[in-house]
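Report on the following structure.
Atoms within a ligand are numbered from 1 in the order they appear, just like the ligands themselves. None of these values were measured; they are calculated from a predicted model.
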Amino acid sequence: MNIALIGFMGSGKTTIGKKLARQLGWTFLDSDILVQEKKKCTIPEIFAKNGEAYFRECERSVLIEVAKLKKVVLATGGGLPIGEKNWEILHRDFFTIYLKANFNELFLRINGDPIRPMLQKYPSQEQLKELYLNRLSWYEKAHVIIDTTQKKLERIIGEIIERASPICTNQN
Ligand code: S3P
């Protein structure tokens with residue numbers, strides 16, 4: 001079993017994932033970094049050269065590879081849990097944790113970030129909010145939902161470890 005952190009851009013998947021993995025003594029992986037290493041290109045370059053659909057294929061093949069491992073905390077890209085095909089893998093091989101935060105807080109964190117091509121695709125706050133709202137039902141399929149709003153990192157990690165303890169202690 002592995003842990004996958006899911007949620008919208010800016011929800012803290014990478015920061016929380018790194019710290020969580022360290023505390024559990026597990027390996028930390030990040031789907032965006034794995035895609036970039038595999039393709040030897042940055043995410044904005046992949047979007048610009050090959051388009052979003054191609055990026056989604058790369059993301060999926062990385063997910064399939066990580067699913068074969070054990071004791072991994074995977075920080076997923078914000079669009080990875082969108083669609084049944086990826087959820088089949090997520091539900092089978094990962095304990096999934098949705099890091100929930102309200103849109104306004106997320107928007108403040110990600111607004112103007114040049115390394116996030118979805119901000120170019122959805123350039124206004126309203127468009128991005130629509131994307132967020134459309135994705136919620138996919139994120140809410142997670143085994144556990146942790147509300148991160150106004151919480152310190154330590155508290156979020158503590159809540160995750162408490163909720164995930166059956167899978168963290170029962171490894172083989
Ligand atoms: C995306 C989120 C990004 C990255 C890509 C697409 C999305 O990851 O995978 O730019 O569709 O929400 P983060 O959620 O880590 O920013």
Next on the checklist: Do the side chains of Lys38 and Glu65 get close enough for a salt bridge, i.e. N-O under 4.0 angstrom?
Outcome noted: yes
Checklist entry - Should the pair Glu159-Arg155 be classified as a salt bridge under the 4.0 Å nitrogen-to-oxygen rule? => result yes
Next on the checklist: Is the ring pair Tyr132/Phe103 parallel, tilted or perpendicular, if the boundaries are 30 and 60 degrees?
Outcome noted: tilted
Next on the checklist: Do Lys39 and Tyr54 pair up side chain to side chain, a donor and an acceptor below 3.5 Å, judged on atom types alone?
Outcome noted: yes
Checklist entry - Going by atom types alone, do Ser124 and Gln127 pair a side-chain donor with an acceptor below 3.5 Å? => result yes
Output a table of donor-acceptor pairs, distance under 3.5 Å, between side-chain atoms of residues 77-86 and any protein atom two or more places apart or on a different chain; print 'none' if there are none.
from  : atom 1 : to    : atom 2 : distance (Å)
Asn86 : OD1    : Arg60 : NH1    : 2.9
Asn86 : ND2    : Leu80 : O      : 2.9

Checklist outcome for this item: Less than 4.0 Å from some atom of ligand 1, heavy atoms are found in residues Met9, Lys13, Asp32, Ile43, Phe55, Arg56, Glu59, Gly77, Gly78, Gly79, Arg116, Pro117, Met118, Arg135
